[in-house]
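These notes are about the structure you will find just below.
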Protein chains: 2
Amino acid sequence: MTTGGTVSEVSEGISVLAHSVLANVANKWALLVIDTLGTETLRFGQVKSRVTGISHKMLAQTLRNLERDGIVDRTAYATVPPRVEYRLTEAGRELQRTVHGICHWTRSHLDHIETARRRFDAADA
Amino acid sequence: MTTGGTVSEVSEGISVLAHSVLANVANKWALLVIDTLGTETLRFGQVKSRVTGISHKMLAQTLRNLERDGIVDRTAYATVPPRVEYRLTEAGRELQRTVHGICHWTRSHLDHIETARRRFDAADA
DNA sequence: CAGGATCCCGTACGATACTG
DNA sequence: CAGTATCGTACGGGATCCTG
């Protein structure tokens, strides 16, 4: 590293944090979980059944990361069997609006993308 | 598998595509590249220097995936040295608006998140 | 300069099993 | 039911070298 200035150190520190946040937020499972939660309060199992294809492990991990970043709120009831509810925080709901935009864009462009892929794959053949 | 109906086969086929699209779009580098392109037309090297921390390989890979999905447009000029320009397609610009929302949310919530993380990490200690 | 090919390590992720 | 721990495999992603 040839930088060595305090300014660049600070700005790099910020970008490191930003990158780690993006790594948590900008991945398939996190997006789907955030979009699924929406304005609802759901139990672990409910989220799992609504997010198609997510594994038990990945859901737990994703929820923990989102909780850690203050995006989802976790409430555990000390009952038997245990009951744990998840909901988006205020910041989480702000994020959810733009996240929903991506999910919506994806769904509405599926056929567009499929043909684009076919053209691309045929081109370099 | 106990499903076996044509309906579920079709819906699963759709979700498989959706998941693969999300896997391309919903990752750190793709988001940053899309947000960086914005409304501009940039050369490979320009994108690379603007997306902090991306490696040569990941940029090439990300741009190829985005091109394949019809999100970015690639124009190569047969000059020496070669000159390749990237810009968002129409669909890509639609996506860019919501992607920008995520990047903006991340940037404006950095300190909020940092404190949330500290509280979380301190709690389970 | 753009970008593919190869090597190699670390991590993500699924499956499974165990605890409260 | 919710969550953690362990294991094994497969993929992500960086470094490096090579081509048009």
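Letters A, B, ... mirror the listed sequences (proteins, then strands); counts begin at 1. All values below come from the heavy atoms of this structure, side chains included, with hydrogens, waters and symmetry mates left out.
- Distance Leu59(A) CG to dT4(D) C1': 14 Å, rounded to the nearest Å.
- The interatomic distance linking Glu67(B) (CD) with dA2(C) (P) rounds to 15 Å, in whole Å.
- Atom CG in Asn24(A) sits about 11 Å away from atom P in dC13(C), given to the nearest Å.
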Please write out the pairs of protein N or O atoms and N or O atoms of nucleotides 18-20 of chain C separated by less than 3.5 Å, giving the distance to one decimal.
none

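- Aromatic ring centroids of Trp105(A) and His112(A) lie 6.0 Å or more apart.
- Between dA2(D) and Arg43(A), a contact under 4.0 Å exists linking OP1 or OP2 to a side-chain N or O.
- Distance CG/Asp69(A) to NE2/His109(B): 11.5 Å, rounded to 0.5 Å.
- Looking only at distances, no side-chain donor or acceptor of Thr41(A) sits under 3.5 Å from a matching main-chain atom of Tyr86(A).
- A salt bridge does not link Arg87(B) with Glu85(B): none of the charged nitrogens is closer than 4.0 Å to a carboxylate oxygen.
- Few gaps surround CZ on Arg107(B); more than 12 heavy atoms of other groups in view lie less than 6.0 Å from it.
- Taking only side-chain nitrogens and oxygens, Tyr86(A) never comes nearer than 4.0 Å to OP1 or OP2 of dC1(D).
- OP1 or OP2 of dA2(C) has not a single side-chain nitrogen or oxygen of Arg83(B) nearer than 4.0 Å.
- Using a 4.0 Å cut-off between charged nitrogen and carboxylate oxygen, Arg117(B) and Glu67(A) do not count as a salt-bridge pair.
- Distances shorter than 4.0 Å separate some side-chain N or O of Arg64(B) from OP1 or OP2 on dG4(C).
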Acceptor/donor pairs from residues 52-65 of chain B side chains to any protein atom, 3.5 angstrom cut, sequence neighbours excluded:
from: Ser55(B); atom 1: OG; to: Met58(B); atom 2: N; distance (Å): 3.2
from: Thr62(B); atom 1: OG1; to: Met58(B); atom 2: O; distance (Å): 2.7
from: Asn65(B); atom 1: ND2; to: Gln61(B); atom 2: O; distance (Å): 3.4

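- Atom pair Tyr77(A):OH and dA2(D):C1' shows a separation of 14 Å (rounding to whole Å applied).
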Nucleotide N/O of nucleotides 11-18 of chain D paired with protein N/O under 3.5 Å:
from: dG13(D); atom 1: N7; to: Lys57(B); atom 2: NZ; distance (Å): 2.9
from: dG14(D); atom 1: OP2; to: Ser55(B); atom 2: OG; distance (Å): 2.6
from: dG14(D); atom 1: O6; to: Lys57(B); atom 2: NZ; distance (Å): 2.4

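- Classification of Glu94(A) and Arg97(A) as a salt-bridged pair fails, no side-chain N sitting under 4.0 Å from a carboxylate O.
- Using a 4.0 Å cut-off between charged side-chain N and carboxylate O, Glu114(A) and Arg119(A) make no salt bridge.
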